Amino acid sequence: MRSRQRSSRRSGTRRRAPMPLDSRKQAHIQNLQARTLTGRQKTVVFVYQSGGSYSYQAINVIFRPQASIERQIPDRDGQLPRPVYDTLMLAPPGTSFTGLVMIADTATASAAAVQGAKKYQLIEAIPTGIAPGGSRVYAYLRRLQ
C-alpha cells in the first residue's frame with residue numbers, strides 16, 4: 001500500500017496551486033534583479049521621436065551579442081542559417097519602447113554623439129519574469145549599417 005502512495009506522489013498526480021505573489025515577494029524579486037545587474041551594465045542612448053522632434057535618453061542596459069551560429073545545421077529551407085538578431089539587450093522593467101527610433105551605443109545623450117555611434121534597430125521587446133508585467137525586458141536588436 002505504501003508503494004502505491006509513494007509512486008503517485010512521484011508521478012506528479014497531486015498538484016498544488018501556485019503561490020500568489022504579494023507586494024513583498026514582488027519587491028524581493030525586483031531587488032534581486034537589480035543586484036544581479038550591478039556591474040554588468042553599460043549606458044546606451046534611446047532615441048525617441050515625438051511629433052517632429054527627437055529626444056535622447058541615456059539608459060543602463062546589458063548588451064549581449066548573438067552567439068555564433070552552428071553552420072552545419074541548415075535552416076528550414078536547407079540554406080545556411082542567418083542570424084535572427086545581432087544583439088540581445090536586457091533592459092530594466094518600465095523601459096518605454098513607444099516611439100523608439102533607434103538605440104545608440106554611446107553614453108552621451110546628444111545628437112552629435114548618436115551620429116558617430118553604432119546604431120541598433122529594435123526588432124522586438126518582450127517583458128519576461130515572474131512578477132506581473134515582467135521583472136526585465138528582453139529586446140532583440142539589429143545593427144544598422
Side-chain angles (χ1 to χ4, degrees), residues 6-145:
R6 285 185 204 155
S7 64
S8 66
R9 287 184 196 167
R10 287 183 194 155
S11 66
T13 56
R14 293 184 186 184
R15 293 195 175 227
R16 296 182 182 170
M19 294 181 60
L21 290 175
D22 58 5
S23 60
R24 182 180 57 84
K25 292 176 186 173
Q26 288 180 9
H28 177 71
I29 291 169
Q30 290 172 348
N31 288 338
L32 284 176
Q33 185 71 26
R35 279 198 330 220
T36 59
L37 297 178
T38 304
R40 300 180 351 180
Q41 295 178 332
K42 70 186 291 184
T43 303
V44 296
V45 174
F46 281 38
V47 180
Y48 296 100
Q49 183 179 16
S50 177
S53 64
Y54 292 97
S55 62
Y56 306 94
Q57 183 179 7
I59 298 178
N60 289 329
V61 298
I62 294 178
F63 258 32
R64 293 184 184 157
Q66 183 181 16
S68 63
I69 299 171
E70 179 59 53
R71 298 282 182 198
Q72 300 297 321
I73 302 173
D75 66 358
R76 288 185 289 173
D77 300 330
Q79 302 295 321
L80 286 176
R82 291 176 293 168
V84 178
Y85 61 91
D86 294 321
T87 303
L88 174 67
M89 181 179 69
L90 180 62
T95 303
S96 174
F97 292 95
T98 306
L100 181 68
V101 177
M102 70 179 78
I103 298 167
D105 191 3
T106 180
T108 308
S110 69
V114 168
Q115 188 175 12
K118 294 179 189 173
K119 296 171 204 58
Y120 296 90
Q121 175 188 15
L122 177 69
I123 298 172
E124 186 176 20
I126 303 171
T128 58
I130 301 173
S135 56
R136 61 195 169 274
V137 178
Y138 286 119
Y140 298 97
L141 308 176
R142 181 174 297 126
R143 180 146 185 226
L144 297 173
Q145 300 297 332

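Note that the structure is predicted; figures quoted are calculated from it, not measured. Heads up: numbering here begins at 1 and tracks the sequence.
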S.K.: If you look at every heavy atom in Thr43 and Ala58, which pair is closest and at what distance?
M.R.: CG2-CB, 3.8 Å
S.K.: Do the side chains of Pro65 and Asp86 get nearer than 4.5 Å, heavy atoms only?
M.R.: no
S.K.: Here's a test for you: under side chain to side chain contact (heavy atoms under 4.5 Å, CB included), which of Ile62, Val137, Leu122, Ile103 qualifies with Met89?
M.R.: Ile103
S.K.: Show me the donor-acceptor pairs within less than 3.5 Å that the side chains of residues 48-56 make with the rest of the protein, sequence neighbours left out.
M.R.:
{"unit_1": "Tyr48", "atom_1": "OH", "unit_2": "Ser96", "atom_2": "O", "d": "2.6"}
{"unit_1": "Ser53", "atom_1": "OG", "unit_2": "Ser50", "atom_2": "O", "d": "3.3"}

S.K.: Taking ring pair (Phe, Tyr, Trp, His ring centres under 6.0 Å) as the test, write out the residues that go with Phe97, two or more places apart.
M.R.: Phe46
S.K.: Take Lys119 and Val47 through the test side chain to side chain contact (heavy atoms under 4.5 Å, CB included) and record every step on the way to the result.
M.R.: CA-CA 10 Å; Lys119 296 171 204 58; Val47 180; over 6 Å; no
S.K.: About how many Å separate CG of Leu90 and OG1 of Thr128, when rounded to the nearest 0.5 Å?
M.R.: 7.5 Å
S.K.: Apply side chain to side chain contact (heavy atoms under 4.5 Å, CB included) to Leu32 and list each qualifying residue two or more places apart in sequence or on a separate chain.
M.R.: His28, Arg35
S.K.: With Tyr138, which residues qualify under side chain to side chain donor-acceptor pair (under 3.5 Å), at least two apart?
M.R.: Arg136
S.K.: Who passes side chain to side chain donor-acceptor pair (under 3.5 Å) against Lys25, sequence neighbours left out?
M.R.: none
S.K.: Can you list everything that forms a side chain to side chain contact (heavy atoms under 4.5 Å, CB included) with Ala113? Sequence neighbours excluded, please.
M.R.: Thr106, Thr108, Ser110
S.K.: With sequence neighbours excluded, give me every salt bridge (Lys or Arg N to Asp or Glu O under 4.0 Å) pair touching residues 37-58.
M.R.: Lys42-Asp105
S.K.: Identify, with sequence neighbours excluded, every residue that meets side chain to side chain contact (heavy atoms under 4.5 Å, CB included) alongside Ile123.
M.R.: Tyr85, Tyr140, Arg142
S.K.: Can you name the residues that form a salt bridge (Lys or Arg N to Asp or Glu O under 4.0 Å) with Lys118, not counting sequence neighbours?
M.R.: none
S.K.: Could you give all pairs that pass the salt bridge (Lys or Arg N to Asp or Glu O under 4.0 Å) test and reach residues 125-134, with sequence neighbours left out?
M.R.: none
S.K.: What residues form a side chain to side chain contact (heavy atoms under 4.5 Å, CB included) with Thr87, not counting sequence neighbours?
M.R.: Phe63, Tyr120, Leu141
S.K.: Kindly state each residue pair satisfying salt bridge (Lys or Arg N to Asp or Glu O under 4.0 Å) with at least one member in residues 44-64, sequence neighbours excluded.
M.R.: none
